[in-house]
Amino acid sequence: MPPLPHRVNFGLWLPIVILAGFVLIAPQLATHDPLTPNSGDEITPPSQNYWLGTDYLGRDVFSRLMVGGQRTLSTTFVATGIAIAGGLLLGGLLIIAPAPIRWLLSILLDALLAFPSILTALVILTALEPSLWTLALALGIAGIPLYAQVTADALRAALSQPFIEGTRSIGATPRYILRRHIIPTALPALAAFGSVVFSWSLIYQAALTFLGLGGDISQPDWGTMLAQGYRTIREAPLLVIAPGGTLMMCVLLANWFADTIGKSPSR
Amino acid sequence: MEVRRKRRIRWGVWLPVLAVLTLALVACLLAVISTLISEEEKTTSGGNTLIYGLTLNPSGIDPHYNRSAELGIPLYSVYDTLIYRHPQTREFVEGLAERWEISPDALTYTFYLRQNVTFHDGTVFDANAVGVTFDRITNQQYPDWRPGKALDLIGPFYNGYKIVDNYTFQVLLTTPYTPLLDALSQPYWGIASPTALANWSVDTYQWHQVGTGPYKLVEVIPGDRIVLERNKDYTWGPIFYAPQSDRSIERIEFRFFDKDPASRRIALEAGDVDIVGELPPTDAEALLSDQEIQIFEQAIPGQPLQFYFNTSRPLVNDQRFRQALLHATNRAAIVDTVFFRDLSPVAYGPLAAASPYYNPAVAEMYPNNLQRTRELFGQIGLVDSDDDGILEFNTQPVKLKIAIGNWGFLPEVTTLIQSQWREIGIEVEINQVAGFTALQEVATSGDYDLLSFEDFGLDPNILNPAYLSTSPTNYTHYVDAELDGWLTQALSVDETTRVTLYNQIQQRIMDQALILPIRDYVNLIGWSARLEGLIFTAQGWWPLLNNLQVKAE
């Protein structure tokens, strides 16, 4: 039976620190205005002035990568938050709600799970005016069903542990059991899946902005940068490699977190 | 005694799994088989066959009912029209009509039809066949009739037809309509075999079209390919059709390269396609040095790449504000950056310079002049009182909404406009929508300050739907009785008066600054160096497939 964490394991939390830190400081690192086309400097290779070169319209790729990263990652964080909050709520209800409601909820969840989540996100985006925040909302809502299912499974598994029965028989209050036993048992799985939801949201965020569904297309965003760079992939492959590579690193960081936290019950 | 329990197979669990696996297996097998079959069928280009890439997948390819310009690329060569326009001189020349007469009151057009012409299915061409095509396009009593581009083209004054004898056909009008001949020269008015029209329904005819043209339609697989084969009996072509030889193209397969403009160059280089249009300018530029590929630049007459100002919105309704924005836009820089100026001219007015009736006076009207912009802003009372770099109008910061489609480099062009206008203190929000229908929805909703839309055509009457105050597609919402009068009058007068009227019309549109023109359309076509003789019709979009040849060894 794992105890609650009393000290912070830095190796474990490093990926989250890197990603959150990036969101906070990246825009300060920008060397140019990411929106201003530098006339005459279109598609230039990396140089002292433009660290990663310029794009089709002469905008500095490094600055766009930094400012775009803030946009991309903060939407992803918000989307993940929505998915986890909604998922915990629904997943909890699946366990503790009265039987008829549980039955209805599980049918609803099964139906939602049978529907590809990217389609759910697309449908929501089509109904709303496209902007970065509706995108976060759409991704978040699309992630809820799966997270709810995982929450319900994790809670069910925790509840079926024999020591729960034992604790109850010696007179522990439900609140104590929840705090001391159920949450610590279910937490690693929930945290690990949370970061899976994060990397999933990040990839779909980029996919949807690649399609131009992230609101103002002149604002930098990794998906938008991929879409714009891809036209000149032969002349300037860096325009695709830079946002694509950064995106990949972020997904790897999130997966690293998922792996570590999922494996070590002692955190 | 120990009872050995038999392990029960839990069918309830395994049956669905088994079913799914079986289905997947069958699907895989089918996929493999169908790939093998299609590999066999796949045409390789070379010899006298070629693959032509289309850059748009039209929702339908019935020329009488559908609207897409793309359908004319294959179908221009399947049909003949009563008359043609010469690709170089743009004059009207004989087609299925060997001559024609216009009555002195300009209300009756008499066409004397060619004899000894047969449709691809053997049906004899005569005045009755022309009548059936006219009925199909204009007669609401025709079974399952629907309005199409062809109906729009023949105009509001069409008053039926008369079959005088087997080879004499008259078109009747209530009021003179000068664009009539231009309308009848377009592939939307291709004369179809009455036998084929009777054999197929309105919905299915598009896959079994029969005309009298130099190529027969032999196969249509929607979304996949359209196949034409040479009509060996063809001898009645217009004057600009080259005589057929053993180097003419026997078989042309049209395939779609609509999803991804960047794939066109790759397909050309790989030899997967022999001709494909609408190359991105960077790719066309790169291909100029390729020995295997030629680049053809075709100017498209009609409207340029442009933005309509929505004059029903506050501030945008002020003529001085629109003029100031025109002065603030460095069009040459935009065209240089996005299109390379050698491959595309800057646009100045509502008609492209390649259009007949173009008024060159508009080119001088709005030079890039920020000084003038600031003067005009001052007159309107735009000031930056809070010093944030954004101008305010009635204490509200100015923010304009530009609605665009996601095609044709509009995102890049609009991004540059946004950045140029930010310099003068105007903020721009870009609303990019995916697809033509979505843009039309925005256009109808009216929720935009600027909107990008354009139409192509040789006759300047394409301006009528865009600027007549009563037109549902007047996206400027500008109302001007005098302009309405000129536009209407220009439909019914002779050429000289038309020139005067269209000069005034273009002048008025630009005086009022109803549009922000950016770039005249130039279609960049990449084509295999083993071919020769590529030319396009006067309207610009449609190739004369008949004149294409394989180069002599």
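To find a chain, count down the sequence lines: A is the first, B the second, and so on, and within it residues start at 1. This is a predicted model, so every value here is computed, not measured.
- In this structure, the portions of P411(B) lying under 4.5 Å from any heavy atom of chain A include both its backbone and its side chain.
- Within the 4.5 Å cutoff, side-chain heavy atoms of L416(B) are placed close to those of P37(A).
- At a heavy-atom separation below 4.5 angstrom, chain B is approached by Y56(A), L57(A), R59(A) within residues 43-71 of chain A.
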For a quick test of your reading: what N or O donor-acceptor pairs under 3.5 Å do the side chains of residues 208-216 of chain A make, sequence neighbours left out?
unit_1, atom_1, unit_2, atom_2, d
T209(A), OG1, Q205(A), O, 2.9
T209(A), OG1, A206(A), O, 3.1
T209(A), OG1, D221(A), OD1, 3.4
D216(A), OD1, S218(A), N, 3.0
D216(A), OD1, S218(A), OG, 2.9
D216(A), OD2, Q418(B), NE2, 3.3

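- At most 12 non-hydrogen atoms from other residues, nucleotides or ligands lie less than 6.0 angstrom from CH2 of W103(A).
- Options P261(B), A262(B), P280(B), S419(B) differ in how many heavy-atom pairs under 4.5 Å they form with chain A, and the most are formed by S419(B).
- When heavy atoms are compared at a cutoff of 4.5 Å, I402(B) does not approach chain A at all.
- For chain A, the nearby part of A286(B) is the side chain; its heavy atoms alone come within less than 4.5 Å.
- The shortest distance between side-chain heavy atoms of R422(B) and L35(A) falls below 4.5 Å.
- The part of E235(A) that comes within reach of chain B is its side chain, from C-beta onward, which places non-hydrogen atoms under 4.5 angstrom from that chain.
- Heavy-atom neighbours of Q371(B) CD from other residues, nucleotides or ligands within 6.0 Å: at or below the threshold of 12.
- Put simply, the side chain of Q219(A) does not reach to within 4.5 Å of the side chain of T415(B), judged on heavy atoms.
- Atom CG of residue D283(B) and atom CZ of residue R234(A) lie 7.0 Å apart, to the nearest 0.5 angstrom.
- Both the backbone and the side chain of V338(B) come within contact range of chain A, judged by heavy atoms closer than 4.5 Å.
- Counting heavy atoms of neighbouring residues, nucleotides and ligands inside a 6.0 Å radius, atom CD of E292(B) does not exceed 12 of them.
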